[in-house]
Amino acid sequence: MAIKNLEKTVLSTLEKLDKLKLDEKLHAELSWCYRSYEYDQNPVGVIAKSSEALELLKAKREESPRAVSKKLIEDIEKLIAGA
């Protein structure tokens with residue numbers, strides 16, 4: 001996955017987690033992993049935390065389909081698959 005796509009997807013995920021007030025601990029961990037990724041270009045932590053966020057956002061989408069876009073779910077899945 002291209003670096004720009006990874007950055008865009010992670011930032012969109014962080015924004016959605018914050019907007020929906022979902023799992024503040026996960027938001028903080030994903031944010032930390034993203035900052036670490038910016039420093040060392042190692043996506044392992046970002047991928048792991050994005051997987052957790054994906055499950056959370058999928059559950060929220062099932063409960064309220066308009067709360068989380070299908071595109072965001074697909075982008076996170078591509079991020080994880082491209083790892």
Side-chain angles (χ1 to χ4, degrees):
M1 170 170 259
I3 292 172
K4 287 231 182 257
N5 288 342
L6 181 141
E7 292 172 354
K8 181 181 174 196
T9 300
V10 172
L11 293 175
S12 295
T13 302
L14 286 167
E15 184 179 312
K16 187 56 74 172
L17 288 172
D18 187 47
K19 183 177 180 182
L20 296 175
K21 305 286 188 242
L22 296 174
D23 199 341
E24 291 178 17
K25 182 180 179 211
L26 176 59
H27 182 279
E29 290 172 346
L30 180 57
S31 180
W32 187 90
C33 288
Y34 177 66
R35 297 293 173 226
S36 175
Y37 167 77
E38 287 182 318
Y39 176 75
D40 64 12
Q41 299 297 303
N42 184 346
V44 173
V46 171
I47 301 300
K49 292 303 170 182
S50 292
S51 295
E52 291 179 35
L54 176 62
E55 296 309 313
L56 192 61
L57 292 171
K58 277 184 174 179
K60 184 65 176 179
R61 183 169 166 76
E62 284 184 25
E63 158 186 325
S64 177
R66 298 185 78 194
V68 180
S69 72
K70 181 179 178 184
K71 181 174 177 1
L72 179 58
I73 298 293
E74 290 171 350
D75 287 348
I76 298 170
E77 289 173 339
K78 286 179 192 173
L79 171 75
I80 293 166

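- No path of Ile, Leu, Val, Met, Phe, Trp and Tyr side chains, each step under 4.5 Å between heavy atoms, connects Ile80 with Val44, placing them in separate hydrophobic clusters.
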For the pair Leu79 and Asn5, evaluate side chain to side chain contact (heavy atoms under 4.5 Å, CB included) and give the outcome as yes or no after the intermediate values. CA-CA 8 Å; Leu79 171 75; Asn5 288 342; over 6 Å; no
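- Partners of Lys71 under the salt bridge (Lys or Arg N to Asp or Glu O under 4.0 Å) rule, at least two apart in sequence or in another chain, are Asp75.
- Considering only residues two or more places apart in sequence or on other chains, Glu62 meets the side chain to side chain contact (heavy atoms under 4.5 Å, CB included) condition with none of them.
- Distance CG/Leu6 to OH/Tyr34: 7.5 Å, rounded to 0.5 Å.
- For residues 10-20, there are no side chain to side chain donor-acceptor pair (under 3.5 Å) pairs, not counting sequence neighbours.
- Not counting sequence neighbours, Lys8 has no partner by the side-chain hydrogen bond (donor to acceptor under 3.5 Å, both in side chains) test.
- Applying the salt bridge (Lys or Arg N to Asp or Glu O under 4.0 Å) test to Glu77 and every residue at least two apart in sequence or in another chain returns Lys58.
- Hydrophobic clustering keeps Leu17 apart from Trp32 (ILVMFWY residues linked when any side-chain heavy atoms are closer than 4.5 Å, directly or through intermediates).
- Annotation: Glu24, atom CD; neighbour count of heavy atoms from other residues, nucleotides and ligands within 6.0 Å does not exceed 12.
- Residues satisfying the side-chain hydrogen bond (donor to acceptor under 3.5 Å, both in side chains) test with Glu63, not counting sequence neighbours, are Lys60.
- Legend: residues meeting side-chain hydrogen bond (donor to acceptor under 3.5 Å, both in side chains) with Arg35, ordered by chain and number and at least two apart, are Glu38.
- Taking CG of Asp23 as the start and CG of Leu56 as the end, the distance is 6.0 Å to the nearest 0.5 Å.
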Exercise answer: donor-acceptor pairs, residues 46-54 side-chain atoms, under 3.5 Å, sequence neighbours excluded:
| residue | atom | partner | partner atom | Å |
| --- | --- | --- | --- | --- |
| Lys49 | NZ | Glu29 | OE1 | 2.9 |
| Lys49 | NZ | Glu52 | OE2 | 3.2 |
| Ser50 | OG | Val46 | O | 2.7 |
| Ser51 | OG | Ile47 | O | 3.1 |

